[in-house]
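First comes the structure, then the notes that go with it.
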2 protein chains.
Amino acid sequence: MKRLIFDARLKSVPEPTLRRLPMYYRYLKELQKEHWSSVSCTNIGEEFRFEPTQVRKDLEMTGIVGKPRVGYPVAALIAAIKQFLGFNNVNEAFLVGAGSMGSALIGYNKFQEYGLNIVQVFDNDPSKIGKQVHGKTILALDKLPEMARQMRILIGIIAVPAAAAQDVTDLMLSGGICALWNFAPARLQVPDSIIVHNEDLYCSLASLSQKVAQALRSREKVEPSPLPVQATGKEDNLTNARGVYAQTQNKLRLPDLDDRMPGDEVLRN
Amino acid sequence: MKRLIFDARLKSVPEPTLRRLPMYYRYLKELQKEHWSSVSCTNIGEEFRFEPTQVRKDLEMTGIVGKPRVGYPVAALIAAIKQFLGFNNVNEAFLVGAGSMGSALIGYNKFQEYGLNIVQVFDNDPSKIGKQVHGKTILALDKLPEMARQMRILIGIIAVPAAAAQDVTDLMLSGGICALWNFAPARLQVPDSIIVHNEDLYCSLASLSQKVAQALRSREKVEPSPLPVQATGKEDNLTNARGVYAQTQNKLRLPDLDDRMPGDEVLRN
DNA sequence: TCAATATCGAGAAATATTTCTCGATATTAA
DNA sequence: TTAATATCGAGAAATATTTCTCGATATTGA
């Protein structure tokens with residue numbers, strides 16, 4: 001039976017902080033372009049509609065020290081976040097799946113600024129092998145393990161249909177890859193030592209869907225005013241107490257059982 | 001000055017719950033395929049390595065009622081989650097940006113099962129207009145507001161470069177769209193009444209990056225003694241106290257040249 | 001110089017979320 | 001039938017996260 005014992009050695013970065021820091025990072029880069037020399041938590045908080053104290057606590061994690069009445073030097077703050085989030089040591093990654101999602105990812109040209117460099121692209125479709133996507137040649141999937149081992153690749157990006165995701169995962173792990181960024185709508189079975197970061201658009205859509213449904217329900221109930229919701233987009237993708245509060249609770253109608261059987265989990269290639 | 005006053009009327013769905021429910025949903029569909037008739041919180045918890053109680057609290061939000069010693073009927077539970085997340089009332093959406101990300105999104109063929117139906121695709125590149133993507137004809141962007149109004153579209157999907165995102169947003173809002181799914185790496189300025197759901201891959205990558213960096217750091221510090229690790233990929237994308245703690249402690253297992261894996265598995269064709 | 005003020009840093013308080021505990025109940029097996 | 005047991009539901013406890021408070025300090029302007 002597991003116990004609720006707090007162990008300070010295990011203290012870590014709060015997930016919400018980890019989601020907000022990159023947002024600050026980009027904003028700070030904008031400020032830098034506009035030649036701001038320093039910035040306060042109030043400034044940042046206003047931009048994102050967060051409490052200044054929350055911003056301050058987040059920044060505290062990076063080890064930066066500010067000055068009362070002034071704030072933080074923009075350049076130093078950017079550097080601190082960059083260091084903290086690990087953008088300085090860029091890791092090389094292999095991507096599997098040269099379909100439209102894979103191609104879209106390869107097209108992202110600033111992953112390097114966030115610590116990621118996609119160095120090879122793989123697919124198992126013979127008609128794709130040898131062709132180029134955004135300047136990168138597609139290689140045969142079965143070459144992945146050996147190459148990953150030789151190049152000491154740490155990160156694998158999975159952009160294949162759900163049905164193939166587990167096989168690709170196994171292949172990556174056999175090549176020594178130990179962190180996965182998974183775009184397939186599937187749960188991956190991996191050992192505990194492997195870092196998995198799921199980017200499941202169906203799951204992400206679900207929360208949007210719920211918010212829209214809730215907004216529609218409260219619109220029907222309250223009045224035909226077209227603006228029923230109070231949450232702001234800037235608060236989204238976060239755990240923010242006020243944002244959560246802002247959502248109104250609605251009672252459910254009874255479940256109706258006309259649930260169609262799903263098709264298979266396969267993304268189009 | 002805002003106050004910390006709790007108002008039960010504003011009580012709402014916890015964000016973490018909202019992220020977990022869709023995961024359960026897909027898993028339950030798998031169980032249904034395997035002809036499970038009922039499922040317990042213990043079953044679900046084991047699959048995702050969550051505490052059964054947490055699963056129970058999550059399911060409670062949907063209004064489902066279970067039986068002691070038995071669990072929940074699978075079909076009814078699926079229906080309850082579906083209803084709760086708003087998958088039953090499918091909303092029509094417009095998508096702007098027929099680039100690689102836009103194409104990838106149009107290719108997702110099961111958004112309908114999650115409450116979303118992409119009905120029109122727009123772009124402002126004359127060379128793309130009139131062409132088809134996954135069977136959908138690309139229309140000129142300037143037709144969006146009028147069509148959105150006529151068709152009473154509520155949801156807009158933004159898959160354009162960051163520089164164009166705000167303009168597209170304004171155009172969508174002028175057409176009466178009130179919920180945005182934003183794939184552009186940019187903050188959108190919108191009124192408080194608008195729901196914005198950001199899908200910023202750079203920000204998402206940041207948290208993976210931080211975890212990899214931390215794992216590498218702690219590996220260097222702690223020495224090559226393989227400490228017991230508790231994090232699992234399945235816990236990812238969540239705020240889970242134990243998971244968060246565990247991730248901190250995660251020691252990345254780095255590839256080792258001596259560690260040959262003869263007979264690498266190869267994907268079936 | 002000195003008062004006014006914005007902001008930081010730290011710690012306390014409030015709120016959210018997770019985990020534990022326990023009584024009730026349905027199923028299984030003796 | 002009855003005992004053993006797994007699980008639910010609800011509420012309490014523990015832990016996480018956010019928000020508040022306050023003393024200290026740097027800047028601005030009188």
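Protein chains get the first letters and strands the later ones, always in sequence-line order, with residue 1 at the start of each. All values derive from a computational prediction rather than experimental measurement.
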Check the distance between [N]'s [atom2] and [X]'s [atom1] and give it to me in whole angstrom.
X	N	atom1	atom2	result
Phe48(A)	dT18(D)	CZ	C1'	18 Å
Leu77(B)	dT7(D)	CG	P	15 Å
Met61(A)	dG9(C)	CE	C1'	15 Å
Glu15(A)	dT17(C)	CD	P	14 Å
Leu59(A)	dC8(C)	CG	P	8 Å
Ile44(B)	dA6(D)	CD1	P	18 Å
Ile64(B)	dG9(D)	CD1	P	9 Å
Glu60(B)	dT19(C)	CD	P	15 Å

Response to the item:
Pairing partner of dC22(C), by Watson-Crick or G-U wobble and under 3.5 Å for both distances, is dG9(D)

Worksheet item: Between Tyr202(B) and Tyr25(A), is the ring centre distance below 6.0 Å?
Response: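 Here the rings of Tyr25(A) and Tyr202(B) have centres that are no less than 6.0 Å from each other.
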
Discussion item. Could you check whether any side-chain heavy atom of Leu105(A) comes within less than 4.5 Å of a side-chain heavy atom of Leu201(B), counting everything from C-beta outward?
Written reply: yes

Verify the contact: side-chain N or O of [X] to OP1 or OP2 of [N], cut-off strictly under 4.0 Å; return yes or no.
X	N	result
Tyr72(A)	dA26(D)	no
Arg56(A)	dC20(D)	no
Thr53(B)	dT18(C)	no

Discussion item. Tell me if the side-chain of Lys57(B) makes a donor-acceptor pair with the base of dG11(D), cut-off 3.5 Å, by modelled atom types.
Written reply: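 Side chain to base: pair found, below 3.5 Å.
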
Worksheet item: Is there a donor and acceptor pair, one atom on the side chain of Arg69(B) and one on the base of dT5(D), closer than 3.5 Å?
Response: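 Side chain to base: pair present.
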
Discussion item. For the CD1 atom of Ile157(B) and the CD atom of Glu199(B), what is their distance to the nearest 0.5 Å?
Written reply: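 So the CD1 of Ile157(B) and the CD of Glu199(B) are separated by 10.5 Å.
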
Item to complete: Check whether any side-chain N or O of Ser204(B) sits under 3.5 Å from a backbone N or O of Asp200(B) as a donor-acceptor pair, and report yes or no.
Response: no

